[in-house]
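As structure tokens, the structure follows; a few thoughts come after it.
Start at 1 and go down the list; that is how both ligands and their atoms are numbered. Just the heavy atoms: all of them, side chains too, but no hydrogens, waters or symmetry mates, feed the values below.
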Amino acid sequence: MDRIDFRSDTVTWPTQSMREAMAEASVGDDVYGEDPTVNQLEKLAAELVGKDEGLFVASGTMGNITAILSHTTHGDEAIVGHDSHVMRAEGGGMSRLGGVMPKPLPTDDLGRMSLEQIVKAVSPDDPHYPITRLILVENTYGKKNGYPLPPEYFAEVYDIAQDHGLSVHMDGARLFNAAVALNVDVKTITQSVDSVMFCLSKGLCAPVGSILCGSSPFIKRARRERKVLGGAMRQAGILAAAGLVALNEMIERLATDHANASKIATGLARIPGVDVDPDLVLTNIVFFDLNNDVDLTAEAVVGMMRARANIWLDVDDEKRMRIVTHYWVGEAEIKLLLDQLEEILTDRRLS
Ligand SMILES: *Cc1c(COP(=O)(O)O)cnc(C)c1O
């Protein structure tokens, strides 16, 4: 990469091995179910997460909205974390396209809705209330440093869902980051949800695509919803070929991204003027704040980093920034990042 891009793991380019697999992929018309590469990818994905079937979709957002449309009907209610991706960053799709009412609950420092509040949020069977149908969970939890929530939490949420006849969908955009960070088989997490979406295109480096997995009847319905959304693609095997490389070659190495993020958080903690909690950085996302000793906004710092060294960071708030590690940033880039940031902040502290 000519620019050093820490804004997100969505910026990752496909690897050489992906480009070769794409060039050589066998393809067919996937709307007829005849693309062998898509079929192979959907099968492998379903096996990995322990579900009956998988469905290749164009993006994580499409996977989540397809799942929501498949679990609900108009007027239903979904319990969801207030700062989850599906709540704040997917264009309000659940209400716009699904007529689904979100019932947002606060999340704690790790991204958990409290079990007590989930139980309370289930509406009584009374004509005054919408019908509560779905619980939406997220892992890793993006807004909380990509925290990898443990299988035990989802098992407890699933118990509640089953007691009340609700479905659970997991936005697992970075599901494999969670499994690698926790050192567990991904199935120990996904056994406690009815459906799960994960992205091939983030840390796993595929250029396009996500997979939605669930039971056979659920995926049958999801195939219909995907068609309505305009997401049934034809010779999609060209894209699925990169997805297969992502699943076969790119999962284990996520540990390197996590170690790099941890290194960055520890380095940031040593820079005067920066507030960060390295203990919360277990995957590839680092949020950090400028404290009151610094008379600069996050926007200004990000601008200076670009101008000085072509290093790109994400602005999250007035004084808050985000760094995400991935395949295309390593030791040298991390050293440059920390050195440049320290120089900028040492120059510009109030004293
Ligand atoms: C990126 C992301 C999505 C959406 O994926 P897109 O492919 O960008 O649509 C959904 N949920 C989470 C937690 C994400 O980080």
Exercise. Test E331 against K335 for salt bridge (Lys or Arg N to Asp or Glu O under 4.0 Å), laying out the working first.
Key: CA-CA 6 Å; E331 300 268 329; K335 183 170 185 324; over 6 Å; no
Quiz item: Run the side-chain hydrogen bond (donor to acceptor under 3.5 Å, both in side chains) check on E53 and S216 step by step: do they pass?
Solution: CA-CA 6 Å; E53 288 183 48; S216 294; 2.8 Å; yes
Quiz item: Can H169 and N64 be said to form a side-chain hydrogen bond (donor to acceptor under 3.5 Å, both in side chains), step by step?
Solution: CA-CA 8 Å; H169 170 69; N64 284 335; 2.9 Å; yes
Quiz item: Counting only N and O atoms by type, is there a donor-acceptor contact under 3.5 Å from the side chain of K144 to the main-chain atoms of D108?
Solution: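 Here the side-chain-to-backbone pair exists.
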Side chain or backbone, does [X] bring an N or O within less than 3.5 Å of an N or O on ligand 1?
X: T140; result: no
X: T61; result: yes
X: M197; result: no
X: D171; result: yes
X: R174; result: yes

Practice problem: Compute whether any side-chain donor of one residue and acceptor of the other, for S123 and K103, lie under 3.5 angstrom apart. | Solution: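 Judged by distance alone, the side chains do pair up.
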Quiz item: Judged by modelled atom types alone, do E318 and T297 share a side-chain donor-acceptor pair under 3.5 Å?
Solution: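 Side chains of E318 and T297: no pair found under 3.5 Å.
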Near [X], which atoms of ligand 1 are under 4.0 Å from a heavy atom of that residue?
X: S59; value: 7 (O), 9 (O)
X: E90; value: 10 (C), 11 (N)
X: G60; value: 4 (C), 5 (O), 6 (P), 7 (O), 9 (O)

Quiz item: Considering only the protein, which heavy-atom contact is closest to atom 1 (C) of ligand 1, and what is its distance?
Solution: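 Of the protein heavy atoms, K202 NZ, 1.3 Å lies nearest.
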Practice problem: Could you check whether the rings of F198 and F176 sit parallel, tilted or perpendicular, using 30° and 60° as the cut-offs? | Solution: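 F198 and F176: perpendicular rings.
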